[in-house]
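The analysis underlying the following values was restricted to heavy atoms, covering all of them including side chains, and did not include hydrogens, waters or symmetry mates. Positions are given from 1, in the same order as the sequence printed here.
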Amino acid sequence: MGNRLLHFVTLSGVPVFISELKWPFHASTSGADWHILHGRADLLGSVDGLHVEVAVGMTQTMKDALGSLDAENAEGLVVNSIRKTIDNGQLAFVKSGKLQPVHVTSRFYSFAAKKIQFPTQSEQDVLEMLKRRVFWLSAKTGKGAPVSVTHPYDCQYVNFTREKILELAQKLATQGLINLEGEFATATDTLLKEEPAFLAAMQKGVEAGIAANKVSA
């Protein structure tokens, strides 16, 4: 029942599958003080095959802070940096296109605590993300299979503990929006009624990236 595939929903409501990360990082050929990892994110549920090819850039400062850029140590940071860049409307999902940049900088790291640290989100935003996660990853693309609501990358992405996210998921269960068993959830009929809102959020996020990059899908 674990989530082996990198399927996530961004805070802005865009469901994505990080389908490829070409490890390891390599030094930038431009001579700049960056390390680059190429990858791809697909728009979940897209019948047109919309996706984005990304060049994830890690600064030398971040490399030194992390100590290692191998997949085990850096994958969560890479995945969540892609999600944040989508949230900022800076990635365009297209049928085909050139590499688009994702910057991993010290804004995602606490030097005081010496750990990766993304901005803490509001409880309301995390509740909405959990609803969308269950809708997209269980009901819509998961054929109704239970989905974990406490993926470690989600905890990092919103800067919440696993216990806090479980507490919020329990609120959704109490409201009749999800069925919750342990950390695994499925959608109720009540949640499915919100499908138009979930689709609208996805479309808004996709259109923001296309408009910002001045491309056509």
Side-chain angles (χ1 to χ4, degrees), residues 1-22 38-54 56 75-97 99-100 102 118 121 125-158 165 169 172 177-179 183-188 191-213 215-217:
M1 293 175 68
N3 295 300
R4 296 180 181 177
L5 295 176
L6 298 177
H7 288 183
F8 299 98
V9 179
T10 71
L11 281 162
S12 55
V14 180
V16 295
F17 171 29
I18 310 301
S19 56
E20 186 175 32
L21 292 173
K22 298 179 181 178
H38 291 166
R40 169 175 167 144
D42 291 84
L43 182 65
L44 271 178
S46 171
V47 296
D48 296 321
L50 298 183
H51 66 280
V52 56
E53 303 281 350
V54 296
V56 181
E75 185 181 75
L77 176 59
V78 168
V79 168
N80 286 334
S81 295
I82 293 171
R83 294 165 83 183
K84 281 294 184 184
T85 309
I86 294 170
D87 285 333
N88 293 337
Q90 296 172 333
L91 290 178
F93 286 91
V94 293
K95 294 179 181 177
S96 64
L99 285 169
Q100 299 177 50
V102 172
F118 281 75
Q121 303 301 315
D125 285 345
V126 176
L127 282 167
E128 195 64 30
M129 185 189 77
L130 291 175
K131 287 164 54 179
R132 291 165 174 168
R133 178 176 177 81
V134 175
F135 171 76
W136 282 110
L137 306 191
S138 175
K140 196 70 174 177
T141 63
K143 298 181 179 179
V147 63
S148 171
V149 293
T150 60
H151 194 291
Y153 295 177
D154 276 348
C155 295
Q156 181 190 87
Y157 179 53
V158 299
I165 288 186
L172 296 179
L177 291 165
I178 64 173
N179 299 308
E183 67 175 89
F184 293 92
T186 56
T188 65
L191 183 70
L192 295 179
K193 291 177 182 177
E194 296 190 30
E195 179 172 4
F198 298 144
L199 294 175
M202 177 197 69
Q203 191 62 32
K204 181 179 179 181
V206 170
E207 289 176 351
I210 290 174
N213 287 276
V215 298
S216 60

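When atom types are taken as modelled, the side chain of Asp87 and the backbone of Ser12 share a donor-acceptor pair closer than 3.5 angstrom. Looking only at distances, a side-chain donor or acceptor of Gln100 sits under 3.5 Å from a matching main-chain atom of Ala92. Of the possible polar contacts, one joining the Ser138 side chain to the Ala145 backbone as a donor-acceptor pair under 3.5 Å is found. Ser148 places no side-chain N or O within donor-acceptor distance of the main-chain N or O of Phe184, the cut-off being under 3.5 Å.
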Worksheet item: Going through the checks in order, is the side-chain contact (heavy atoms from CB on, under 4.5 Å) test met by Ile82 and Val78?
Response: CA-CA 6 Å; Ile82 293 171; Val78 168; 4.2 Å; yes
Worksheet item: Please walk me through it: do Asp154 and Met129 pass side-chain contact (heavy atoms from CB on, under 4.5 Å)?
Response: CA-CA 9 Å; Asp154 276 348; Met129 185 189 77; 4.1 Å; yes
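Val149 and Ile165 make their closest contact through O-CG2, 3.0 Å (heavy atoms, listed as atom of the first residue, atom of the second, distance). When all heavy atoms are compared, the tightest approach of Gly89 to Ala212 is O-CB, 3.1 Å. Pro15 and Gly13 get closest at one heavy-atom pair: CD-O, 3.5 Å. Nearest heavy-atom pair, Leu77 versus Gln156, reported as atom, atom and distance to 0.1 Å: N-OE1, 3.5 Å. Here the closest non-hydrogen pair linking Leu99 and His38 is CD1-NE2, 3.6 Å.
For the atom pair CG of Leu172 and CD1 of Ile178, the computed distance is 5.0 Å after rounding to the nearest 0.5 Å. Note that CZ of Arg83 and CD1 of Ile18 are 8.0 Å apart. Values are rounded to the nearest 0.5 Å. Rounding to the nearest 0.5 Å places CG of Leu137 at 13.0 Å from OG1 of Thr186.
Under the rule for a salt bridge (Lys or Arg N to Asp or Glu O under 4.0 Å), the partners of Asp42 that lie at least two apart in sequence or sit in another chain are Arg40. Residues forming a side-chain contact (heavy atoms from CB on, under 4.5 Å) with Asn88 (at least two apart in sequence, or on another chain): Gln90.
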Anything under 3.5 Å between a donor and an acceptor, one on a side chain of residues 191-204, the other on a protein residue two or more places apart or in another chain? List them.
| residue | atom | partner | partner atom | Å |
| --- | --- | --- | --- | --- |
| Glu194 | OE1 | Lys131 | NZ | 2.9 |
| Glu194 | OE2 | Lys131 | NZ | 3.4 |
| Glu195 | OE2 | Lys140 | NZ | 2.8 |
| Gln203 | NE2 | Glu207 | OE2 | 3.1 |

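In this structure, Phe93 has its ring center at least 6.0 angstrom away from the ring center of His51.
Checking Leu91, Val9, Leu43, Leu44 one by one against Val14, the side chain to side chain contact (heavy atoms under 4.5 Å, CB included) holds for a single residue, Leu43.
A side-chain donor-acceptor contact under 3.5 Å links Glu75 and Tyr153.
Both the sub-6.0 Å distance and the 45° axial angle are not jointly satisfied by Lys84 relative to the ring of Phe118.
Looking at heavy atoms from C-beta onward, Val94 lies out of side-chain contact with Val52 at the 4.5 angstrom threshold. Counting heavy atoms from C-beta on, the side chains of Val79 and Phe8 come closer than 4.5 Å.
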